[in-house]
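Heads up, the thing below is written out as structure tokens.
Both ligands and their constituent atoms are indexed starting at 1 by order of listing.
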Amino acid sequence: MRLDRFLTRRTGLPSKEVLRLLAEGGLVVDGTVERSGLREIGRFTRVEMAGEILQAEVAVYLMLHKPAGYLSATTDRQHPTVMTLLNHPARDSLHLAGRLDRASTGLLLLTNDGRWSRQVTEPVEEISKVYRISTRDEISRETAAIFAAGIYFAYEDLTTRPAVLEILAPREALLTLHEGRYHQVKRMFHAVGNQVLALHRERIGPLVLDERLPSGQCRALDAEEIAFFQR
Ligand code: URA
């Protein structure tokens with residue numbers, strides 16, 4: 001939104017008065033005096049007028065190393081949610097940018113920036129996700145070709161997008177997906193007669209789970225990591 005419009009709406013002052021305040025240097029935007037009402041401001045732009053804070057919400061971007069046993073939800077009656085692992089002051093304003101099943105572990109993102117989380121989760125963005133998987137049975141050589149061709153999911157009446165399977169050991173693999181259907185990894189392995197025993201998300205797009213981050217802990221993303229999903 002434009003700064004002049006934001007100010008007239010927010011303060012109820014006539015636009016003439018807003019222009020006067022701007023010209024007099026009474027507006028401070030993100031720490032510097034702003035004299036143009038044409039400046040675009042966003043939800044997380046700090047705006048002060050004549051020493052009074054009009055807007056000061058800080059954008060928060062966190063990565064959580066999710067342990068097994070926690071639901072990817074903000075509230076639940078039955079199970080502990082990943083929110084209970086956070087003691088961030090902005091916790092109640094955060095939402096999840098993607099999910100993992102309760103038994104799954106690994107990289108989970110939380111933010112209060114809806115635009116940013118849509119870049120992570122919107123199917124059109126086709127953000128890749130990399131999972132490390134342990135299975136009950138040996139992973140056959142054909143599995144990679146079957147996953148690359150796509151698996152038909154009757155419930156949704158669709159075929160999964162080409163996925164890349166890299167077999168690391170007889171019962172261990174890395175799987176890269178560009179979509180996130182319900183229980184997708186488990187269902188794909190089920191379709192080839194195997195079963196996923198453990199599923200750990202290592203990466204979302206270029207963002208890698210920090211290997212120094214212990215399970216159950218979160219840390220703020222750095223500027224470069226935030227920028228991966230900023231348009
Ligand atoms: N696919 C699954 O089956 N489970 C997850 O947690 C993530 C992807």
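When hydrogens are left out, the protein atom nearest atom 7 (C) of ligand 1 is Tyr131 CE2, 3.7 Å; that is the closest non-hydrogen contact. The nearest heavy-atom contact from the protein to atom 1 (N) of ligand 1 is Val185 N, 3.1 Å.
Judged by distance alone, the side chains of Thr105 and His200 do bring a donor and an acceptor atom under 3.5 Å apart. For the residue pair Thr143/Ser140, the side-chain donor-acceptor check at 3.5 Å is satisfied. Looking at Glu179 and Gln184, their side chains do bring a donor and an acceptor atom within 3.5 Å of each other. Judged by distance alone, the side chains of His95 and Asn112 never bring a donor and an acceptor atom under 3.5 Å apart.
Shown here are the salt bridge (charged side-chain N to carboxylate O under 4.0 Å, His left out) partners of Arg187, two or more places apart in sequence or in another chain: Glu156.
Checking only distances, Leu199 never comes within under 3.5 Å of ligand 1, N or O to N or O. Where the criterion is an N or O separation shorter than 3.5 Å, residue side chain and backbone included, Asp101 meets it with respect to ligand 1.
Under a 4.0 angstrom heavy-atom cut-off, Tyr182 registers as lying outside contact with ligand 1.
A centroid separation of 6.0 Å or more is found between the aromatic rings of Phe228 and Tyr61.
Interface of Gln184 with ligand 1, defined as ligand atoms under 4.0 Å from a residue heavy atom, comprises 1 (N), 2 (C), 3 (O). Atoms of ligand 1 lying under 4.0 Å from at least one heavy atom of Ser104, given by number and element, are 4 (N), 5 (C), 6 (O).
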